[in-house]
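Atom set for the values below is all heavy atoms of this structure, side chains included, hydrogens, waters and symmetry mates excluded.
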Amino acid sequence: MSATPQPSTGLLAVGHQCSAQYCNLVDFLPFKCQHCEQKFCGEHYLPASHKCDKYDERKHNRVAPSCPLCNTPVAIPVGQDPNIRMELHITNDCSVMTGRTKESTQPRCASPRCKKLLFAPIRCDKCNQQFCAQHRFPSDHTCETTTTQIPSKPVTSTTSNANTKTQDLTNQVSAKSNAAMAAIKRSIASTKSAMKPNPSSSSTLQLPQPVQKSTSSSSKTSLNPLSKTDRRIKAERQSRMKAMEERAKKGLLSEEEKATLAAEKAKDKGEDCMIM
C-alpha cells in the first residue's frame, strides 16, 4: 500500500502572503506599505489598491497648484482650503496682478541662453561667474576674462615694462643687422671698384708683398712639409700666385707685380728642387 505524497511547505516560508482581503497570494518579493506596514503583492501594494486605512490623501498627496496668471507654484498648508490660498496669492503675491516681481535669491546660470536655477553652481576660474554643469567650461559659455577683480595698476605696469623691453631688444637687433648689412655692402663695393682697371690713374693695386725673412739662415732653410704653419704659408703664397696669374692673363699687372710674380715662381721652383 503506497503512501500519498505530502505537499511540500518549504517554499511557503520564503515568501509572504498578500495582506489584501481577497488575494492571499504568496509573493516571494512582497511590498511593504509605508503607512500600515503590511505586506502586499505587486498588484495591491498601492494605498488605493488595498484601501489603506492609515493613508490620508490631504497629508500625503499634497500637490502645489500653479497660479493661472503668473504660473508660480502656490504652497497650500495642511488643513487650508486650496481656493482660499490661491485667492490670497492672486490678491497679494501674484506678479501679474500686483506688478511686483519677487527677486529670487537662488543663483542662475550666467549663460545668456540658459538662466537655469543653480542648486550646485560651478564657478569659472577665468571670468569668476557661476554656471550650470552644461556651461561650466570656458568654451561653452564664451568666457571673457573680467579685469575688475584684478588690480589694474600692477598688471599694466608689468605689461608695459615687458613691452618696452621687447621693443628695445627688437630695435637693437634691427640696428645691428642694418649696420652689418651696410658694412658688407661697402666692402663688396670697394672690392669691385679695386678690381676694375683705371686708365686715367697711374696708381696700381698694391698686393701684399711676400714676407721676407730677416735672417739668412731662415732663408736658406726649406719649408717643413709636416709643419702646419709652413703648409699654411705655402698655401697662402700659392693662392696669391694664382690670383696674380689670373690678373696677368687679363693684362692687369704692373711691371712691379710682374717682377714679384716671377720671383715667386722662381722661389717655388727652387723649393720644389730642394724637396726633391
*Between His89 and Cys70, is a side-chain contact (heavy atoms from CB on, under 4.5 Å) present by the stated rule, with each step listed?*
CA-CA 10 Å; His89 167 76; Cys70 62; 3.5 Å; yes

_Contact check, side chains of His50 and Cys36, non-hydrogen atoms, under 4.5 Å_ = yes

*Do side-chain atoms of Ser66 reach the backbone of Asn71 as a donor and acceptor pair under 3.5 angstrom?*
no

*asked:* Tell me whether Phe31 shares a hydrophobic cluster with Val26, the cluster being built from Ile, Leu, Val, Met, Phe, Trp, Tyr side chains joined at under 4.5 Å.
replied: no

*Do Cys18 and Asp27 have side-chain heavy atoms sitting under 4.5 Å apart?*
no

_More than 12 heavy atoms of other groups within 6.0 Å of Glu245 CD_ = yes

*Can you check whether Asn128's main-chain N or O pairs, donor with acceptor, with Arg123's side chain at less than 3.5 Å?*
yes

*asked:* For His141, is there any backbone N or O sitting under 3.5 Å from a side-chain donor or acceptor partner on His135?
replied: no

*Which atoms form the tightest heavy-atom contact between Asp140 and Gln134, and what is the distance?*
OD2-O, 3.4 Å

*What distance separates Phe40 CZ from Gln17 CD, expressed to the nearest 0.5 Å?*
13.0 Å

*What's the shortest heavy-atom distance between Cys124 and Phe131, and which atoms?*
CB-CE1, 3.9 Å

*CG/Asn83 to CE/Met86 distance, rounded to the nearest 0.5 angstrom?*
8.5 Å

_To the closest 0.5 Å, what do you measure between OG (Ser95) and CG (Leu69)?_
8.5 Å

*Flag yes if more than 12 heavy atoms outside Asp125 fall under 6.0 Å of its CG atom; otherwise flag no.*
no

*Might you point out which heavy atoms bring Leu261 and Ala248 nearest each other, and give the distance in Å?*
CD2-CB, 4.5 Å

_Arg231 side chain near Lys234 side chain, heavy-atom distance below 4.5 Å_ = no

*Would you give the length of the straight line joining atom SG of Cys143 to atom CD of Gln129, rounded to the nearest 0.5 angstrom?*
8.0 Å

_Quick one: does any side-chain atom of Thr260 pair with a main-chain N or O of Glu256 as donor and acceptor, under 3.5 Å?_
yes

*Check: Cys94 main-chain N/O paired with Thr98 side-chain donor or acceptor under 3.5 Å*: yes

*Verify the neighbour count for atom CD of Gln34: are there more than 12 heavy atoms of other residues, nucleotides or ligands below 6.0 Å?*
no

_Side chain proximity check, Leu88 to Gln80, heavy atoms < 4.5 angstrom_ = yes

*Heavy atoms from other residues, nucleotides or ligands near CD of Glu43 exceed 12 (cutoff 6.0 Å)*: no

*asked:* On a heavy-atom basis, which atom in Ala133 and which in Ile122 lie closest, and how many Å separate them?
replied: CA-CD1, 4.0 Å

*Could you give the distance from CD (Gln238) to CZ (Arg240), rounded to the nearest 0.5 Å?*
10.5 Å

*In this structure, are over 12 heavy atoms from other groups packed under 6.0 Å from Lys32 atom NZ?*
no

*Taking the side chain from Arg85 and the backbone from Pro82, do they hold a donor-acceptor pair closer than 3.5 Å?*
no

*Check the pair Met241 / Met244 against side-chain contact (heavy atoms from CB on, under 4.5 Å), numbers first and verdict last.*
CA-CA 5 Å; Met241 287 175 60; Met244 295 178 69; 5.7 Å; no

_Shortest non-hydrogen contact from Val74 toward Ala64_ = O-CB, 3.4 Å

*Distance, nearest 0.5 Å, that separates NZ of Lys54 from CD of Glu37*: 7.0 Å

*asked:* When you compare the side chain of Gln106 with that of Phe119, does any pair of heavy atoms fall below 4.5 Å?
replied: yes

